[in-house]
Amino acid sequence: MEKDRREKREKIGIDETMPHQINAPSFAGTGIDMQAPFVNEHGVVIGDSHYASENSPLENWTEETDPAIMAGDEWVHPTNDIGWNTTENRELLESMRKPQAYPFMHPTKDVSKGAD
């Protein structure tokens, strides 16, 4: 079973996107590589899209649990994060893509300027 979980951790996306998230953007052509899930210092897998983990403070919450335990970068996955589904971040990814005419045009110079 652990081997199956490891393989699933390594292969979370398809064609540089998260097909299980309806509004997930594609990272293809942006220069950002999709990253595999990771295990944080609390033993919780981050970025596998299975949102319940037996080691998670959310699953073991008590009145004594300090919410700050779930603060910080160790709880955020760089590419499998719901924040990528926002309009602003989707636009950011779109701005990183090369124009569709690439490679048949100069990436920074308009060589047709004044030709008409």
Side-chain angles (χ1 to χ4, degrees):
M1 175 152 168
E2 181 58 33
K3 182 181 177 189
D4 292 340
R5 270 191 85 155
R6 250 188 317 219
E7 287 176 6
K8 286 180 184 177
R9 268 190 244 151
E10 292 170 7
K11 298 177 183 180
I12 190 73
I14 298 173
D15 295 331
E16 300 301 310
T17 191
M18 300 295 207
H20 61 282
Q21 295 179 18
I22 194 163
N23 291 318
S26 171
F27 288 90
T30 64
I32 297 174
D33 294 326
M34 291 187 71
Q35 296 185 28
F38 64 90
V39 178
N40 72 10
E41 69 180 56
H42 300 282
V44 177
V45 179
I46 305 297
D48 67 351
S49 297
H50 299 286
Y51 302 106
S53 173
E54 65 184 60
N55 296 329
S56 173
L58 288 176
E59 302 298 320
N60 301 290
W61 203 265
T62 68
E63 287 185 18
E64 289 78 39
T65 304
D66 181 1
I69 194 171
M70 294 190 70
D73 291 342
E74 67 179 314
W75 294 98
V76 180
H77 191 272
T79 52
N80 186 9
D81 182 81
I82 199 73
W84 284 112
N85 296 359
T86 65
T87 301
E88 297 83 3
N89 285 333
R90 289 174 64 88
E91 288 173 357
L92 174 67
L93 287 177
E94 187 62 35
S95 72
M96 296 173 150
R97 289 189 180 89
K98 294 184 178 183
Q100 283 187 319
Y102 175 84
F104 302 108
M105 62 180 274
H106 194 282
T108 61
K109 306 288 183 220
D110 181 1
V111 295
S112 67
K113 184 175 181 176
D116 349 328

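Taking OG1 from Thr79 and CG from Asp33, the interatomic distance works out to 9.0 Å, rounded to the nearest 0.5 Å. Note that the CD atom of Glu91 and the CG atom of Leu93 stand 10.5 Å from one another [nearest 0.5 Å]. Put simply, CG on Asn89 and CD1 on Ile82 are 11.5 Å apart, with the number rounded to the nearest 0.5 Å. With rounding to the nearest 0.5 Å, the separation of NE2 in His42 from CG in Asn55 is 10.5 Å.
The two atoms that bring Ser95 and Leu92 nearest to each other are OG-O, 2.7 Å, heavy atoms only. In terms of heavy atoms, Asn80 sits closest to Gly47 at ND2-O, 2.8 Å. Nearest heavy-atom pair, Ser53 versus Gly43, reported as atom, atom and distance to 0.1 Å: OG-O, 4.3 Å. For Pro78 against Gln35, the heavy-atom pair with the smallest separation is CG-OE1, 3.3 Å.
Applying the salt bridge (charged side-chain N to carboxylate O under 4.0 Å, His left out) rule to Arg97 yields the partners Glu94; only residues at least two apart in sequence or on another chain are considered. Residues passing the side-chain hydrogen bond (donor to acceptor under 3.5 Å, both in side chains) test with Thr65, sequence neighbours excluded: Thr62. Every residue two or more places apart in sequence or in another chain that forms a side chain to side chain contact (heavy atoms under 4.5 Å, CB included) with Glu59 is listed here: Ala52, Ser56.
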Check: residues 66-76 side-chain donor-acceptor pairs under 3.5 Å, at least two apart:
| from | atom 1 | to | atom 2 | distance (Å) |
| --- | --- | --- | --- | --- |
| Asp66 | OD1 | Ala68 | N | 3.1 |
| Trp75 | NE1 | Ile69 | O | 3.0 |

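When atom types are taken as modelled, the side chain of Trp84 and the backbone of Ser26 share no donor-acceptor pair closer than 3.5 angstrom.
Counting heavy atoms from C-beta on, the side chains of Asn85 and Pro25 come closer than 4.5 Å.
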